[in-house]
Each structure stands twice: as structure tokens, then as C-alpha cells.
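Below is one structure, written out as C-alpha cells; comments come after it.
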Amino acid sequence: MTPPLISLQNMKMVPVPEKAYGTFFEGDCYIILSSRGSAVDLHYWIGKDSSQDEQGAAAVYVTQLDAALGGSPVQHREVQGHESETFQSYFRHGIIYKKGGVASGFKHVETNMYNIKRLLHVKGKKHVSATEVALSWDSFNKGDVFLLDLGKVLIQWNGPSCSIAEKSRGLALARSIRDSERGGRAQIGIIDNERDSPDLMQIMRMVLGERRGELRDAVPDTKADELQKANVRLYHVYEKDNDLVVQEIATRPLTQDLLQHEDCYILDQGGFKIYVWRGKASSPEEKKAAFTRAVGFIQAKGYPSSTNVEVINDGAESAMFKQLFQRWTEKNETQGLGKVYTTGKIAKVEQVKFDTTQLHARPELAAEQRMVDDASGEIEVWRIEDLEMQPVNPKMYGQFYGGDCYLVLYTYLRSGRPHYVLYMWQGRHASVDEITACALNAIELDRKYGDEAVQVRVTMGKEPRHFLAIFKGKLVIYEGGTSRAQQSGPEPAIRLFQVRGTDEVNTKATEVPARASSLNSNDVFLLSTSQVCYLWCGKGCSGDEREMAKMVADIISRRDKHTILEGQEPAEFWEALGGKAPYASEKRFQEQITHYQPRLFECSNQTGRFIMTEVVGFCQEDLDEDDVMLLDTWEEIFLWVGKASNEYLKTHPAGRDLATPIILVKQGYEPLNFTGWFNAWDPYKWSVSCWKSPVVFSAVPGGETSIGNVLSQNLWVCFNFFPKELLKNKDTAHKICASKNIPCRQLQQLQTSHPNC
């Protein structure tokens, strides 16, 4: 639902009729109040021809509304043509800019009239805007959509380089104009190929005249790339001797404790956006001057006057603002699951059991728990050896060595047909050649199963919950070594493992240094020696944890098992660890987990720069067939048919962990832990045959191929799962390509066009 819209006329607020929502006159200013759940947003929009007086009045009204609402709204300053994603999300059919307004002296054009003759330049795929331009062929270009509005007839002219999504959004806008402004009584004609539409072209020539010369190429949108957005800086704003002081205090990554309640701060996101944070205890004068200070900061920095400004109150921060910080905690936060623990730290999350049978009936639960299904499917495991896949003995399933790389194929049934998840597990000490081979062998395996697998990159120590679940509590991670028959050296005589988990769904044993300082009073540890295997139970561990440790102990050691309680250790136990030493032994406490709002982005690198456009309030309809979309759920990154997720993590302002699991999802084969983040997901929207259709997919910048040739697309995945390894090891990559019948020409194109080469 579009929020209420108010225009400023003669310095007064005037409500805008609902049928005119989405239409903005360039000579006016507007105010929008939006409420989504507990989040309240207050926008003031500045037309390019509006007067300084109107702009000042709009800022004053916004301040007054903010005070009347108790300081809860997030305030936004929007400039025509440079609106924020949040603002654009209110108008699903697009924004129309009309000439006129009080300041320019033009009279507003009345709606529902037929004596209209105008040309609208339509831009955008997810967020559409239409600007009135001169009625001339000179206004056209090859890459955009244009609407010739003649009152009773609307002609949509699609440039030859337009994407399917741009054409679709243009048509949605044309229908919106017909229904809202013409009462549904106008005709719409579409020109997709001028030769196939002679009648419509004749009308256009009558209005615009004969076209002379070639059409111009499309001009790419000037958007900030992710490197620019990642350049965040925090400034303390205060008064000293009646002078305003702006002092830089921190750069990326930012931490929440830098914000003091008594002060105001400016956060500069590389000139892309300016945030003003107002502390609860800051003075009323400081709060009122927020917009003024932001505009002054923009001028002092030499940023464009169109730079977005967002004013945020202490305690009412937006999701976008919070994600600029390395960690953001709220009061009374709920407890979470699935965190990675650091040896020696005592922070621990209570493991909460849930009913896996509810996953299919409640996809939102599957998303929250990061579970594809109930883990009852079949698994196959291969180890990368001599750059090839070698089957792992099923008796060894669940045992992973830090010196190896593995491919794990999980097969499960949904609606009576098989679905696949392909995990690529990277050992911390695996060679670069093995990591490269793991990526390229994954292409071969995916191709064998019809290019239907959901691919997940798993970094040692960052195993997602579903990965733990499929091994039924028997997952053991060895720090080094290999599971190959011919090992480089003997196994250590003494090994220490930390066991975490309460059931078969969430249990994992991880090898840690065999010394006393590795112990933790909150957990169970297994100490394997040549004579005996000790089960050391810390004072804070639970009965469920002890039972799971007993099951893991049978995997790690065939020796006799001795259970010992903390404080009752025999001398031989400490001797095996090299003597007593201090370790984490304080009472267990709950670790607070921040629940971040999921965010969806459209990805592009067509201009040679990595550009991401956020889709606010997203739904399934925002996933277009020719899109590359990235869904960030903080603990996992989903890449929907594309090539950009690793770059996103590298450039994230919060300094995100590069080992965060990255999951490649293909259209028509979305797992529950992906679809659960979308409201009212329709599983039948796309048939599974969509992957085989001849839709054009750009696999290499500047080149195109059929989407059926998933090979090129998968090579892109390799570059973004393992970019450094592939770029550094071209000989290895070409060798594997040759053995797998992968055209090396495609790999060469990728290596020469990849921005990191």
C-alpha cells in the first residue's frame, strides 16, 4: 500500500489525491509518511525546479512531524532522479515526473484528460521512473523504453537493447497511466520491432516527424559501486565556542559503542548516502539542526546536491543503518542458533530443539533454521585427489580433514521428484590446486545432474546447520592431515576434540590444539591417546551434550572410553595435555544474537563496476528471469542465478566474514531455506523447464550465450566462490577444463575479463 502523499503549495501542506500517487511535479516539494510494522519513515522530496523557500518549508514540516510522532520516524531527504530504494519501493508501477509546479509558474495538468501530447523516457528494471522529455527523435536511445502519450493512445517503444524486465516494467507503467489517469479508456500499443508495427510507427512519425540518422546508444546509469559504498566514515558533530565542529573518529569496520547517547554523529557512506544519528540525550537544538548540518557536510565535501540524507534517532535505527556496523545489538534480544564458536571463549548459545516435520508446511521456519529439509535424504562424498574426484568410503562419511577438499552431494525428494544440494567443503590447509579443482569438478558433477543442484560453498569451521544435520551427529573436523590412503606423515598420537551439540541435527566435533588452555567448562572434550580416550565433561555441559559426545567418541577412537568430570581428572589426563594451564571456566552465559532483516539486491557489472541495487519490501515478483539477484540473510548469502556474491562480502561496510556460506540457487529449483524468506512464494510460478529455455544470459561481460549453456554460468560461479585461486592458477584450471571437456575458450574469456585479473 502506498503511504499518504502531501504536496507543498504556497508553503502549506496539501494532501495529494490517491489517484495521483506516483506523479510528481518538478516544481514542487512533497512529504510522505510511511508505516511498515514498527518502522516509520518520513520522506521529503525535492523537485529539481522547486524554490529554496519550498525546500526549507518542507524540512521544517518534517521536523515538526517527527516531534509530533515522538522522534520515532527515520527521516529521508530525497532529490528528484536520485531517490532512495525505500522511497521508490512505495510506487511499484513507477514514478512519473511532470513539468510544472508553483515555483516554475506552470499550471498543473489535470488528470483524466485526453488532450495530452507528451513523451516519457522510462528507465529502470526494479525501480522505474519516467521523465517527460522533448517530443523529438533526439530524445530516444537504443537501450531504454519510451512512452508516447497521446491521451487516448499510449505507444510503448522498446529500444533494441532493452531487457525483458525493462519492457515489462514499461508496460506496467503504461497500464498504470491508462487506469489511473484515463479511467481505463486509453489504448496501449507496443513497438518491439519497428518493422513489425508499421501502423504504430506511422503514428509516431506523424507526431515526431521523420527520423534522421542513427539512434544514440544507451547511457548507463551513474550509480555508486560497492567499493564506494564500503568506504564508511563516522564523524562526531558538536559545538565548541559557538562553532560547529565535525571530527572524524572512525572508519570501516564501525562498532556500535562509538555512538554516545549525548551526541550527534554523521556517517558518510562514500558520498553515496549521508546518515545523521541523533543521540537520545542530545540537545533539542542539535536535533533540529540535523538536516542543515547534513546539507552543510555535503557541500563541504563537494558531494552532489542530490546526495541522499537519512536522519536517524537513537533507538529507532533503520535496518540499512544497522548493517553498516560490524555488530548491532538491541535491548532484550532473543537468543539465536547456529553461531560459530571460538575455542577458549565461554559465550555459548542454548541449543533449541525444533520439529523438522514442520519444514515443508512452514517454509519461513526452514529459512530461519537454515534447513533445506529434515536431513533424511541420501548423501555421496568425494575427495579431491590429483585434481580428480575420488569416492570416499561410506564408513568415512562425516570425517573431514583440513588438508583436503570434498564434494558432498545431498539428494532429497520434494513433490515426488529428486532435488540436489552440492556442498563444496574447503579444508583450511588444502592446496590452492585442490581448491581450484574442487570448483571445476563441481561444474562437472552439477552438469551430470541436469544443472539442477543448489551449490553451497562451505569453508572449514563455517559449516551451515543443514550440513551438520545430514551427517546425523557424526561430523568430525580434523585440523590437518588427509583421509587419503597415502598420507604424508603419521597421525598425531594425542588429539583433542571439542564437541558441540545436543542432538543429531546440530552436533559437530572439531579438533583443537591438544593443550589444557583449549578446554572450556561449558563443553565436552574428547582426548584421544594411544592407550585410552577420555570424555572430559565440563561443569556447564548438559546431559544431551554428553550423550552426543559418547557417540562421536566411537568414531574418533577405538580405545577404551573413560568419562571424567571437571575437577576429578587423573594425572595421566593432564600429562597428555602437557600439564595444567588456565582455561575458560566461568559460568555459562547466553550470547545475544542479532536478527538482521533479510535484504535483496539486483547485481550488475555491465559497466565494468560492481553495482548493486536494493529491492525494498521484496517479493517473488522481483526475481526476473534475466536477473542476477543476491539475498543476504546475514548468516548466509544466496545467489539467484548469478556471479557476484563473493565481491559483495569483500566490500560490505561491516567487514563481513569472507567464509560466510554462499549458496547458488537456480530458477525453478529454489530450496525451502531460500523461499521461506519470501512472503507467499508460488512454487509453480516457473516450470522446471525454464533452465532449458533459450533465454539470453550474459555469462561474460560484453558477451552473451544461451542460458541452457550453464557451463559458462558455472565458471562465473567458480570465479566468485574461489576468485583468487582461479586467477592465480590458470594452468591448473586449463588442465582440469581439458580433462572435463570444458571449452578452455570460455575460461580464457573469463580470465581476461574478470576485474581482478
| message | Less than 4.5 Å apart, side chain to side chain, heavy atoms only: is that true for Tyr583 and Asn520? | response | no
| field | Salt-bridge contact Lys322-Glu317 (side-chain N to carboxylate O under 4.0 Å) | value | no
| request: For Lys301, check salt bridge (Lys or Arg N to Asp or Glu O under 4.0 Å) against everything at least two apart and list the hits. | output: none
| note | Rounded to the nearest 0.5 angstrom, the OG-CG distance for Ser282 and Asn313 is 8.5 Å
| Which atom names give the shortest non-hydrogen contact between Ser306 and His82, and what distance separates them? | CB-CD2, 3.2 Å
| request: Apply the side-chain contact (heavy atoms from CB on, under 4.5 Å) test between Leu267 and each candidate in Ile274, Ile312, Leu254; give the one that qualifies. | output: Leu254
| Trp45 vs Tyr30 aromatic rings, parallel, tilted or perpendicular, using cut-offs 30° and 60°? | perpendicular
| field | For Cys264 against Gly279, the heavy-atom pair lying closest together | value | SG-N, 4.4 Å
| How are the rings of His43 and Tyr90 set relative to one another: parallel (under 30°), tilted (30 to 60°) or perpendicular (over 60°)? | perpendicular
| request: State, with a plain yes or no, whether a side-chain heavy atom of Lys508 is found less than 4.5 Å away from one of Arg500. | output: no
| request: Give a yes-or-no answer on whether the side chains of Glu479 and His429 include a donor-acceptor pair shorter than 3.5 Å. | output: yes
| Interatomic distance, Arg77 atom CZ to Ser305 atom OG [nearest 0.5 angstrom] | 7.0 Å
| message | Taking the side chain as everything from C-beta on, heavy atoms only, tell me whether Val311 gets closer than 4.5 Å to Leu42. | response | no
| Stepwise side-chain contact (heavy atoms from CB on, under 4.5 Å) test for Leu259 and Asp314 | CA-CA 9 Å; Leu259 303 175; Asp314 187 356; over 6 Å; no
| query | Hey, are the side chains of Ile249 and Tyr265 touching, using non-hydrogen atoms and a 4.5 Å cut-off? | reply | yes
| query | Looking only at heavy atoms, what is the nearest atom pair of Met424 and Ala439, with distance? | reply | SD-CA, 4.5 Å
| said: Below 30° counts as parallel, above 60° as perpendicular, anything between as tilted: where do the rings of Phe467 and Tyr423 land? | reply: perpendicular
| message | Checking side-chain polar atoms at under 3.5 Å, does Asp66 have a donor or acceptor matched by the opposite partner on Gln75? | response | yes
| field | Close side-chain approach of His466 to Val456, heavy-atom, < 4.5 Å | value | no
| query | Do the side chains of Gln269 and Tyr275 get nearer than 4.5 Å, heavy atoms only? | reply | yes
| message | Looking at Pro513, is its backbone amide N or carbonyl O close enough to the side chain of Ser518 to form a donor-acceptor pair, meaning the two atoms are under 3.5 Å apart? | response | yes
| said: Once rounded to the nearest 0.5 Å, what's the spacing between atom CD of Glu78 and atom OH of Tyr44? | reply: 10.0 Å
| field | Between CD on residue Gln80 and CD1 on residue Ile95, distance to nearest 0.5 Å | value | 9.5 Å
| request: Output yes when a side-chain donor or acceptor of Gln88 lies under 3.5 Å from a complementary backbone atom of Glu83, and no otherwise. | output: yes
| For the atom pair CG (Asn308) and CZ (Phe87), what is the distance rounded to the nearest 0.5 Å? | 10.5 Å
| message | Quick one about Asp257 and Thr255 (side-chain donor to acceptor, distance below 3.5 Å, no hydrogens or angles considered), yes or no? | response | yes
| Where do Glu248 and Thr251 come nearest, in terms of heavy atoms and distance? | OE2-CG2, 3.3 Å
| remark: The residue among Val309, Thr307, Asp268 that forms side-chain contact (heavy atoms from CB on, under 4.5 Å) with Phe297 is Asp268
| query | To the nearest 0.5 Å, what is the distance between CD1 (Ile31) and CG (Leu33)? | reply | 9.5 Å
